[in-house]
Amino acid sequence: METIAYYSPIGTIEITGTDEQIFYMKTIEGESKFSSETSLNQLNKCKLQLEEYFSGKRNFFELNINEDVGTDFQRKVWTELRKIPYGETVSYGEIARRIGNPKASRAVGLANNKNPNWIITPCHRVIGANGKMVGFGGGIWRKEFLLRLEKEYKTHE
């Protein structure tokens, strides 16, 4: 397992994985203690796909992510998040309904907070029922940035 740094428009992202899988991503403030160079295929593929995403050339990810983490409920939520189309948003309540548990919107929010691959599994596309930006572990400004980016590039498709 190896961790690398990817310097993105929303800050430094540390990506941890192996040659076969991406395990998790996290945003840190400032410089990373990790190199941005690696020989591991999935980590290089992840960096490339993030670069394409931020430049508007990619609207979905084709990566092997580790799905053996989290509770059954969290995995259901994360699977549903990956179905949200690029540039679109849904509410926490809608995700709860889609997974067959309509009263679980708060639990959906908690599952989003534990999402180990937060751009690949796009929890930033989940908003409050009233359309407000709520609950993003990486900071609301990052959520807003990602949604603006997707909206801008979606209009150019």
State yes or no: do I65 and L40 share one hydrophobic cluster built from I, L, V, M, F, W and Y residues joined by side-chain heavy-atom distances below 4.5 Å, directly or via other members? yes

Compare every heavy atom of R58 with every heavy atom of Y86, then report the nearest pair and how far apart it is. CE1-O, 3.9 Å

Report yes if some heavy atom in the side chain of N117 is under 4.5 Å from a heavy atom in the side chain of I15; otherwise report no. no

Short question: side chain of K103, backbone of R97 - any donor-acceptor pair under 3.5 Å? no

Show the numbers, then the answer: is there a side chain to side chain contact (heavy atoms under 4.5 Å, CB included) between N66 and I22? CA-CA 6 Å; N66 178 21; I22 302 300; over 6 Å; no

With rounding to the nearest 0.5 Å, note down the distance linking CG in N115 to CZ in R82. 8.0 Å

For the residue pair L63 and Q42, establish whether any side-chain heavy-atom pair is separated by less than 4.5 Å. yes

Transitively linked via ILVMFWY side-chain contacts under 4.5 Å: F23 with W78? no

Is there side-chain contact between K47 and I4, with at least one heavy-atom pair below 4.5 Å? yes

Report yes or no: does D19 contribute a side-chain atom to a donor-acceptor pair with the main-chain N or O of N41 at less than 3.5 Å? yes

For the backbone of E62 and the side chain of Q49, can you confirm whether one donor and one acceptor N or O come within less than 3.5 Å of each other? yes

Show the nearest heavy-atom pair for residues N112 and C123, with the distance to one decimal. CG-CB, 3.7 Å

Kindly compute the distance separating CD (Q21) from CE (M1), expressed to the nearest 0.5 Å. 9.0 Å

Indicate yes or no: does R142 engage E29 in a salt bridge with an N to O separation below 4.0 Å. yes

Any chance NZ of K45 has more than 12 other-residue heavy atoms, nucleotides or ligands included, within less than 6.0 Å? yes

Quick test of your reading of the model: are K57 and E52 salt-bridged, counting only N-O distances below 4.0 Å? no

Nearest heavy-atom approach of R75 to G70 is NH1-O, 2.5 Å

Verify same cluster id: W118, I140 (apolar side-chain graph, 4.5 Å): yes

Quick one: CG on D72 to CD1 on I99, what's the gap to the nearest 0.5 Å? 11.0 Å

Does the distance from a Lys or Arg side-chain N to an Asp or Glu carboxylate O, for K76 and E80, drop under 4.0 Å? no

In this structure, CG of N130 is separated from NZ of K132 (nearest 0.5 Å) by 5.5 Å

Ring centroids only, cut at 6.0 angstrom: are Y53 and F61 within range, meaning strictly under it? yes

Side chain to side chain contact (heavy atoms under 4.5 Å, CB included) between L110 and Q74: does it pass, once the steps are laid out? CA-CA 9 Å; L110 293 172; Q74 288 169 335; over 6 Å; no

Under 4.5 Å between any side-chain heavy atoms of I119 and I13, yes or no? yes

Testing the basics here: between T12 and G30, what is the closest heavy-atom pair and its distance to 0.1 Å? OG1-O, 2.7 Å

Kindly give the heavy-atom pair with the smallest separation between P116 and V69, and that separation in Å. CG-CG2, 3.9 Å

Under the side chain to side chain contact (heavy atoms under 4.5 Å, CB included) rule, what do T18 and L43 come out as? Steps first, then yes or no, please. CA-CA 7 Å; T18 64; L43 291 177; over 6 Å; no

Set out, in order, the CA-CA distance, both residues' side-chain angles and the distance that settles side chain to side chain donor-acceptor pair (under 3.5 Å) for E2 and T38, then state yes or no. CA-CA 8 Å; E2 184 178 335; T38 182; 3.0 Å; yes

Contact between P122 and L146 at the side-chain level, heavy atoms closer than 4.5 Å - yes or no? no

Examine distances only and state if a side-chain atom of K143 and a backbone atom of V126 form a donor-acceptor pair shorter than 3.5 Å. yes

Do L147 and M25 land in one hydrophobic cluster if side-chain heavy atoms of ILVMFWY residues count as linked below 4.5 Å? yes

Donor-acceptor under 3.5 Å (T89 side chain, R125 main chain): no

Rounded to the nearest 0.5 Å, what separation is found between the OG1 atom of T3 and the CZ atom of F34? 4.5 Å

Side-chain donor-acceptor pair present, E150, H124, cut-off under 3.5 Å: yes

What pair of heavy atoms forms the shortest contact from F54 to S8, and how long is it? CE1-CB, 3.7 Å

Is there a path of hydrophobic side-chain contacts, each under 4.5 Å between heavy atoms of I, L, V, M, F, W or Y residues, that connects Y24 with L81? no

Determine whether the side chains of E51 and Y6 contain a donor N or O and an acceptor N or O closer than 3.5 Å. yes

Between CD1 on residue I10 and CD on residue E144, distance to nearest 0.5 Å: 12.5 Å

